[in-house]
Undergrad: 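Before anything else, here's the structure in question.
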Amino acid sequence: MMHMRINRIGNLNIGKGIFNTYKRCYSSSKNVVQLKNLNDFEEQVIKSKAPVVVDFYADWCGPCKNLTPKLVGLAEKYDGKFLLAKVDIDDINCTEIVRQYEIRALPTLVMFKNGEPTVTIVGDRGIDPLESDLKQLFD
Amino acid sequence: MLVRFRRRHILETIRKYHKGDSNEQSSLKHQYDLVCIGGGSGGLAAAKRAHLELQSRDIQPKIAIVDYREHPNIVNTSPDRPEINWRWGLGGTCTNVGCIPKKIMHTAALYGEYVQNASEFGWKVPSTVEHDWESLVENVQNHIRSIHFGYRSDMMLNKIEHINARAKFLDKHTIEVTDAKGNVKTITSRRFIIAVGCMPKYPDIEGAKEYAITSDELFALIKPPNKTLVVGASYIALESAGYLSGLNQKVTVMMRSIPLRGFDQDCAQKIVEFMKERGTTFKQGCVPTKIRKNKNSFVVEYVDDKNSVHVEEYDTVLFAVGRKCVADELGLQQLGVKFDNDKIDVNEFEQTSVPHIYAVGDCINRGLELTPTAIHAGSLLSRRIYSEELVTKNHKHIMDYTNVPTTVFTPLEYGSCGMSEEDTIKKYGQDNIEVYLIGFTPLEHEFTHKDTNKTYMKVICVGSEEKIIGFHYLGPNAGEITQGVAVAIRLGVTKHDLDSTVGIHPTVAEEMTRLNITRRSGLVAEKRGC
């Protein structure tokens, strides 16, 4: 709903306005990264020493818009314990990542430990189950 | 006996046409087994079915779908065209600019009706409820993109390659594909299925291309269309005018002559009357001659049936005057592919005059331009070509384009299957048909005192056994009701079958089990009470 208001006030193009909101709020955190391509994925996820949660999302996906802020909040709360890596499935440079992990529905979270995928969660189930899954990941 | 002979003939013909449609030896050097040009209803169905059949024979198929569409603003570069939030993806006309967004908008208009009547049912709803067009369009576009994603993952999982580029034939087995950035690639395939569909037509009048929109842009308009002129008498024109009206836009429909040509005219007139009562203005017998811009709106000059010239200003002008096939841009004529006007000429096996090039959907000269027709035909085509075993007995191998049910989603929805009343009179003669009809009011409408006696059902029978050859229904849930009747008509349902079926109460559909007033009797066909 916040995104809608911003669109009307700023008279921004739909979609672009929402994307800018994402960028504005979340690009400055060291616990959150936007993956650009397969190479980026190899460097930041596979080779990461800390556990990584990969968030597959899209601009047009309602539940994704609900889930991502919750994840960012948890990344801040457990500062340094895990990295949140976001993949925009509409980004043409990320097609290979989407293909490798056979993403069929959104949002999908794939949790990585030592470069291996451990848990895959599809859909937004609420913050408590999410938090307990995360704690299992890095404990 | 004759049926068995015909079936054997069909099976043999299928084997002859499809299996031998291209040189077996040369197929070894082609990059792909099958390339579908067009990723809409027909192309996707054919590609998926082909993959299924080949996989079940343990053959790893190489299939590609070539799909591409230019953004409308690139084609018409005038800055005076309205801003749109538009992105093309897999799914063709149906997903991007057709059935899907249309049905959502129609439903949005219906919700407006429910909200207006809600207080009768005890809901505490404010007396005026506003509609937010921008919000609806954003949600519609987001939904379309989620469907694109669904198709993309389908393609990925089935390993069907999606080539987002414009195709052009270089020779019988080779196409050149050019993407949005101008990169060019050459592709060869053993077989092709053309499923490129149609695009809206613009009339050849001044200002049309610069200032007007079509159904292509309607579902992506960032700002509401407001005072809108819809030019056309097609189902697209009436459906668009219908839901725009329902979404609080001020709508005028301009048509040269009769509404819904080709459809049952008795029903077409009732649809127009209903829309008039709901506040849509109709200018019948009129044709626009010029469009020019005046600050933020458009001035339309038009002539009426007495040749008087009129001028009126509108915020949006929408043309729905027909669709033209885009297959002529593929370079098929040079290969010897025959056309029937602008459509591709195919035989009953959806084969063009070049044996290994097939075509399905809106771009061929068979069948109604409907998504299910394209899907069904595309799927059957792939099964005929690739299935090892042609299923025998009761299976249909060839697309049957007759008795295809349809629904027009105008404010008064219209479902039909079979022939129009005019066509039955032409074919059988007025004395040999019996038309049963009834006009009535659904319980829900009686309760709210709205739209009394607008719902209408008509069944046309022929012969002594009164076989049903036409079913027409005007009213709520037309599509849901007509679908079941379509199955019955396929099985040869008679009036007696309908009369022997017990109705479900209280519904509108149950009226089909107790039709007893005929047009011939001249009695008033309206119901009062239960």
Side-chain angles (χ1 to χ4, degrees), chain A residues 1-22 37-38 41 54-68 86-110 120-124, chain B residues 48 65 67-68 71 73 79 81-91 95-96 100-101 104 130-165 179-181 183 217 219-224:
Chain A
M1 290 304 111
M2 191 177 82
H3 308 297
M4 297 290 292
R5 237 181 286 135
I6 288 171
N7 276 340
R8 268 198 272 283
I9 290 170
N11 219 24
L12 295 168
N13 199 333
I14 293 168
K16 243 204 272 184
I18 296 168
F19 180 64
N20 286 335
T21 310
Y22 267 121
N37 52 41
L38 193 60
F41 183 83
V54 182
D55 174 14
F56 290 91
Y57 74 94
D59 277 343
W60 41 258
C61 165
C64 302
K65 293 199 264 255
N66 274 334
L67 180 64
T68 303
K86 287 157 65 229
V87 177
D88 177 357
I89 59 107
D90 280 332
D91 184 348
I92 202 163
N93 299 315
C94 295
T95 312
E96 210 30 62
I97 313 172
V98 177
R99 197 199 304 266
Q100 261 185 35
Y101 293 93
E102 294 191 346
I103 306 301
R104 300 216 65 183
L106 299 176
T108 294
L109 300 177
V110 185
T120 300
I121 303 166
V122 180
D124 176 17
Chain B
K48 280 199 249 190
I65 293 183
D67 184 75
Y68 182 77
H71 193 288
N73 281 339
R81 288 174 63 87
E83 242 195 303
I84 58 172
N85 171 19
W86 199 92
R87 199 162 75 202
W88 189 262
L90 282 176
T95 302
N96 291 282
I100 304 291
I104 298 174
E130 279 170 30
H131 183 260
D132 180 356
W133 173 271
E134 289 95 332
S135 181
L136 173 62
V137 165
E138 179 176 354
N139 291 341
V140 166
Q141 290 299 320
N142 284 346
H143 184 74
I144 293 174
R145 272 151 219 188
S146 72
I147 299 179
H148 291 164
F149 174 62
Y151 282 132
R152 278 205 327 261
S153 19
D154 252 351
M155 297 295 107
M156 260 197 259
L157 243 76
N158 286 330
K159 300 205 181 24
I160 297 175
E161 194 176 339
H162 169 211
I163 301 172
N164 191 349
D179 69 14
K181 295 205 177 86
N183 302 316
E217 290 95 335
F219 309 109
L221 288 179
I222 291 183
K223 296 207 180 63

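Note: hydrogens, waters and symmetry copies are ignored here, and every other heavy atom, side chains too, is used.
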Undergrad: Taking the side chain as every heavy atom from C-beta outward, state whether A/W60 and B/H148 have any atom pair closer than 4.5 Å.
TA: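 No; the side chains remain at least 4.5 Å from each other.
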Undergrad: Could you measure the distance from the CE atom of B/M156 to the CD atom of A/E96? Nearest 0.5 Å is fine.
TA: 8.5 Å
Undergrad: Looking at every non-hydrogen atom in both residues, tell me the closest pair between A/I103 and B/F149 and how far apart they are.
TA: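 Reported closest heavy-atom pair: O-CZ, 3.6 Å.
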Undergrad: Quick one: closest heavy-atom pair of A/D90 and B/R152, and the distance?
TA: OD1-NH2, 3.2 Å
Undergrad: Sort B/D154 into side chain, backbone, both or neither according to what part of it lies under 4.5 angstrom from a heavy atom of chain A.
TA: both
